[in-house]
Novice: 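The following block contains the structure, expressed as structure tokens.
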Amino acid sequence: MFRNFKMVGQVVFGRGCFNQLADILSARQGKTASFTVFIVDHVFQDRPLRERIPAGDRDMVIWADTTDEPKTAAVDRLAAEVRSHAGRLPEAVVGIGGGSVMDLAKAVSLMLTNPGSAADYQGWDLIKNPAVYHAGIPTLSGTGAEVSRTTVLTGPVKKLGINSDHTVFDQIVLDPELISGVPTDQWFYTGMDCYIHCVESLTGTYLNAFSQAYGEKAMALCREVYLGDPADRDDKLMMASYCGGMSIAYSQVGVCHALSYGLSFVLGLHHGIGNCVAFDYLEEFYPEGVAEFRRMMARHRITLPRNLMAGVDPAGLEKMVDVALVLEPLWENALGKDWRQVMNRDKIRQLYQRM
Ligand code: NAD
Ligand code: ZN
């Protein structure tokens, strides 16, 4: 069976296109005379973007604390808050932020129309009802969350996405001005998420012409951004993230992402930095990608945290192995159908112990 995947409904791209958000939303309002929920990264609470959010009196603006990546409990809490706001469902949920906030917006829009807890839906195609209309506006580029069919959540027992066609945004607003001025470390970590998506997609066994076309373009854009110095680097990184996301939509990520999920679950490392930490130890699997990644790190004077396992007890290490091992499609993409012959608990544990 070939994947019949759902794509984002509408896309607007360009410097300053954030100003069109009010028009985009008002074109929908009037259908239900309801309200809009804006979920916005807390970093913008004291920045000029705050004043540009087109929220009216009856709308809700929720400042999302992204110190930790999104948890299922936080999604449940927010969905309940939104549900009780006006005694009816909102017209739209808009997420303004990096991957964490875009994922929160996706998850809240899903949980407004589906019963139970977000944790019940971590997995593939468990969502039954369409979400409330939801729009994503990235302020960091790299994760590809703007185009993906998942919202990655940490639940009580696992870090796993709610993967479904209903998860996909109805609208995305890609304004490169919003990602300028991101601190260098964060810009690097989130951008490397995209670079690693490309390496894992382009070297994986699931590769096909669709994924290759997007993956090669995204990789070329990452090289321009991180090894060159283009004047329009924000525009290029934004499109790299989009294309990288499209590439993995039709293939899969690999070893680095599997290990990174374990690091996030046990150590609370954010996805981008977790990927960078893991990737630096993966020459065995991705020799060229890791060599180029190190050139990019040197160019931007990035130093990664080391000796992370010093603070992890044996139970924590075993939990990391559990979280990584369960991601079977990632291992299969990276290592082929017989991946279990090359990868097992011992090998994964050894990889973690080097970090
Ligand atoms: P993030 O959203 O976690 O944000 C990282 C930090 O950057 C936060 O402190 C935030 O306040 C800050 N920030 C955001 N925008 C900023 C700006 N313009 N200027 C300055 N600071 C800014 O980082 P991320 O790397 O974009 O996203 C990581 C999250 O995305 C993880 O939760 C991960 O699981 C998820 N993810 C989702 C997908 C998907 O397909 N849904 C794919 C990859 C990763
Ligand atoms: Zn990623």
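Please read all numbers here as calculations on a predicted model, not as lab measurements. When a ligand or atom number is given, it counts from 1 through the structure's own listing order.
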Novice: Below 4.0 Å from ligand 1: does a non-hydrogen atom of Lys71 turn up there or not?
Specialist: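 No.
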Novice: Name the closest protein heavy atom to atom 4 (O) of ligand 1, giving the residue it belongs to and the distance to 0.1 Å.
Specialist: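 Nearest protein contact, heavy atoms only, for atom 4 (O) of ligand 1 is Leu140 CD1, 3.4 Å.
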Novice: Please list, in number order, the atoms of ligand 1 under 4.0 Å from a heavy atom of Lys159.
Specialist: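 Counting from 1, the qualifying ligand atoms are 34 (O).
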Novice: Who's the nearest protein heavy-atom neighbour of atom 36 (N) of ligand 1, and how far?
Specialist: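 Sorting protein heavy atoms by distance from atom 36 (N) of ligand 1 puts Asp103 OD2, 3.7 Å first.
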Novice: Backbone N or O of Gln341 within a donor-acceptor pair of the Asp338 side chain at under 3.5 Å?
Specialist: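 Pair absent, no side-chain N/O of Asp338 close to backbone of Gln341.
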Novice: Are Ile248 and Tyr214 side-chain neighbours, meaning at least one heavy-atom pair lies under 4.5 Å?
Specialist: no
Novice: Taking the ring centre of each residue, are Tyr189 and His270 less than 6.0 Å apart?
Specialist: no
Novice: Under 2.8 Å from the Zn ion (ligand 2), which protein N, O or S atoms are there? Could you list them by chain and number?
Specialist: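 Sorted hits: Asp193 OD1, His197 NE2, His257 NE2, His271 NE2.
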Novice: Give me the nearest non-hydrogen protein atom to atom 2 (O) of ligand 1 as residue plus atom name, then the distance to 0.1 Å.
Specialist: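 For this ligand atom, the closest protein heavy atom is Ser100 N, 3.0 Å.
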Novice: Judged by atom type as modelled, is there a donor-acceptor pair below 3.5 Å linking the side chain of Lys106 to the main-chain atoms of Ala145?
Specialist: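 Yes: the side chain of Lys106 pairs with the backbone of Ala145.
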Novice: Considering non-hydrogen atoms of the protein only, which is the closest contact for atom 6 (C) of ligand 1, and what is the distance?
Specialist: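 Looking at atom 6 (C) of ligand 1, the protein heavy atom closest to it is Gln186 OE1, 3.5 Å.
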Novice: Using a strict 4.0 Å cut-off to heavy atoms of Thr66, name the atoms of ligand 1 that fall inside it.
Specialist: 8 (C), 9 (O), 10 (C), 11 (O)
Novice: Take Gln353 and Leu317, measure what side chain to side chain contact (heavy atoms under 4.5 Å, CB included) needs, and give me the verdict at the end.
Specialist: CA-CA 8 Å; Gln353 278 165 336; Leu317 182 57; 3.6 Å; yes
Novice: Which protein heavy atom lies closest to atom 26 (O) of ligand 1, and at what distance to 0.1 Å?
Specialist: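 Here the nearest protein heavy atom works out to Gly99 N, 2.7 Å.
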Novice: Tell me which protein heavy atom sits closest to atom 25 (O) of ligand 1, plus the residue, atom name and distance to 0.1 Å.
Specialist: Thr190 OG1, 2.8 Å
Novice: On a heavy-atom basis, I'd like to know which of Thr139, Leu153, Ile273 is closest to atom 16 (C) of ligand 1.
Specialist: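 Nearest heavy atom to atom 16 (C) of ligand 1 lies in Thr139.
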Novice: Quick check on Ile179 - does any of its heavy atoms sit under 4.0 Å from an atom of ligand 1?
Specialist: no
Novice: Who are the side chain to side chain contact (heavy atoms under 4.5 Å, CB included) partners of Thr190, not counting sequence neighbours?
Specialist: Leu140, Thr143, Gln186
Novice: Looking only at protein heavy atoms, which one is nearest to atom 42 (C) of ligand 1, and what is the separation?
Specialist: Thr143 O, 3.3 Å
Novice: With the threshold set at under 4.0 angstrom, would you say Ser180 reaches ligand 1 through any of its heavy atoms?
Specialist: no
Novice: Under 6.0 Å between ring centres: does that hold for Tyr226 and Trp187?
Specialist: yes
Novice: Under 6.0 Å between the ring centres of Phe13 and Tyr242?
Specialist: no
Novice: Determine, for Tyr261 and Lys159, whether the Lys NZ or Arg CZ falls below 6.0 Å from the six-membered ring centre while staying within 45 degrees of the axis.
Specialist: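 Pair Lys159/Tyr261 counts as cation-pi.
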Novice: Take the angle between the ring planes of Phe5 and Phe210 and call it parallel below 30°, perpendicular above 60°, tilted in between.
Specialist: perpendicular
